[in-house]
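Just the heavy atoms: all of them, side chains too, but no hydrogens, waters or symmetry mates, feed the values below. Each residue takes its place number in the sequence, starting with 1.
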Amino acid sequence: RFRDAPGLRSQLANRDVLLTLLMDAPNAAACATLGQETASVLEEYVEGGGVVLICGVDSRGVEFLHGAGLVEECSVASSGSNLPCQVVSYLHPIAQWAPFDFRVPSITRSYRVVGEGWEEILVDGSGDPVVLARDQGRGRWVILGFSYTLPDDASGEVLASAVRFRPVA
């Protein structure tokens with residue numbers, strides 16, 4: 001858990017991956033402020049080879065992405081359980097072990113994102129991205145639209161690949 005930039009910096013020391021759920025944030029405004037306050041620490045971490053995974057992004061997560069300056073615009077396009085997912089970036093390492101088409105039993109969200117460098121990895125049945133990635137320096141930012149509240153092999157493989165594979169520097 002982190003609530004400010006100094007706390008985050010100390011927690012990231014000697015770590016390769018930051019998994020961010022933002023589930024205990026009180027509201028979207030608090031997440032926007034947290035994004036603003038930790039943006040420079042996170043950017044330095046990713047530039048140096050760290051991977052930041054932001055999971056199950058809802059309105060709080062969208063505001064965190066805005067606050068951190070990661071997106072110009074972002075909104076939740078759809079949300080529900082059992083949404084169809086399809087790999088669209090077959091060669092991206094995050095999709096390496098994912099089935100081409102699958103459904104996730106837990107809450108899954110897709111997004112409308114405007115921001116430089118984001119690559120769509122998986123999309124829902126409407127073509128809106130569920131998983132996006134953006135390489136920066138030696139690291140990577142990843143938005144995962146899965147809540148991971150129920151066990152699921154397909155979304156688990158996506159998460160494992162996002163943790164395991166780094167960008168080619």
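Within the model, atoms CG of Leu83 and CZ of Arg103 stand 8.0 Å from one another, a figure rounded to the nearest 0.5 Å. With rounding to the nearest 0.5 angstrom, the OG atom of Ser110 is 10.0 Å from the CG atom of Leu132. Going from atom CG of Leu159 over to atom SG of Cys55 covers 6.0 Å, rounded to the nearest 0.5 Å. Taken to the nearest 0.5 Å, the CD atom of Glu120 stands 12.0 Å off from the NE2 atom of His92. Summarising the geometry, atom SG belonging to Cys31 is positioned 8.5 Å from atom CD belonging to Glu63; distances are rounded to the nearest 0.5 Å. Taking CG of Leu12 as the start and OG of Ser10 as the end, the distance is 8.0 Å to the nearest 0.5 Å.
Looking only at distances, no side-chain donor or acceptor of Arg134 sits under 3.5 Å from a matching main-chain atom of Gly115. Judged by distance alone, with hydrogens and angles left aside, the side-chain atoms of Arg109 form a donor-acceptor pair with the main-chain N or O of Gly56 at under 3.5 Å. Side-chain atoms of Arg140 come within 3.5 Å of backbone atoms of Phe165 as a donor-acceptor pair (strictly under, hydrogens ignored).
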- Just do the side-chain contact (heavy atoms from CB on, under 4.5 Å) check on Tyr148 and Ser106 with the steps written out, would you? CA-CA 6 Å; Tyr148 295 103; Ser106 60; 5.6 Å; no
- Message: Under the criterion side-chain contact (heavy atoms from CB on, under 4.5 Å), I'd like the reasoning laid out for Ile94 against Val158: C-alpha separation, chi angles, the key distance, then a yes or no.
- Response: CA-CA 6 Å; Ile94 291 175; Val158 173; 3.7 Å; yes
- Could you give me the CA-CA distance, side-chain angles and deciding distance for Leu18 and Thr20, then say whether side-chain contact (heavy atoms from CB on, under 4.5 Å) is met? CA-CA 6 Å; Leu18 172 64; Thr20 305; 3.6 Å; yes
- Output, in order, the C-alpha distance, side-chain angles, deciding distance and verdict of side chain to side chain donor-acceptor pair (under 3.5 Å) for Asp124 and Thr108. CA-CA 9 Å; Asp124 68 6; Thr108 301; over 6 Å; no
- Check step by step if side-chain contact (heavy atoms from CB on, under 4.5 Å) holds for Leu19 and Val163. CA-CA 9 Å; Leu19 177 65; Val163 168; over 6 Å; no
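In the displayed structure, Asp153 atom CG is contacted under 6.0 Å by at most 12 heavy atoms of other residues, nucleotides or ligands.
Listed here is the closest heavy atom pair of Trp118 and Val71: NE1-CG1, 3.8 Å. Scanning both residues, Phe102 and Ala154, for their nearest heavy atoms gives CD1-CB, 3.3 Å. Nearest heavy atoms, Glu73 versus His66: CA-CE1, 3.6 Å. Contact detail for Tyr111 and Leu144: the closest heavy-atom pair is OH-O, 4.2 Å. Between Arg166 and Asp16, the shortest heavy-atom distance links the atoms NH2-CB, 2.8 Å. Here the shortest heavy-atom pairing between Cys85 and Phe146 reads SG-CE2, 3.9 Å.
Under the 4.5 Å side-chain criterion, counting only non-hydrogen atoms from C-beta, Ile107 is in contact with Ser79.
Linking ILVMFWY residues whenever their side-chain heavy atoms come closer than 4.5 Å, directly or via other members, places Ile54 and Val62 in the same cluster. Both Ile121 and Val104 are assigned to one and the same hydrophobic cluster, defined by single-linkage of ILVMFWY side chains at heavy-atom distances under 4.5 Å. At a threshold of 4.5 Å between side-chain heavy atoms, the hydrophobic network of Ile, Leu, Val, Met, Phe, Trp and Tyr places Leu8 and Tyr45 in one connected group. By the criterion of side-chain heavy atoms lying less than 4.5 angstrom apart, applied directly or through intervening Ile, Leu, Val, Met, Phe, Trp or Tyr residues, Val130 is grouped together with Phe100 in one hydrophobic cluster. Side-chain heavy atoms closer than 4.5 Å link hydrophobic residues (I, L, V, M, F, W, Y) into clusters, and following such links, possibly through other members, connects Leu65 to Val46.
Under the 3.5 Å distance criterion, with hydrogens and angles disregarded, no donor-acceptor pair is assigned to the side chains of Gln96 and Ser161.
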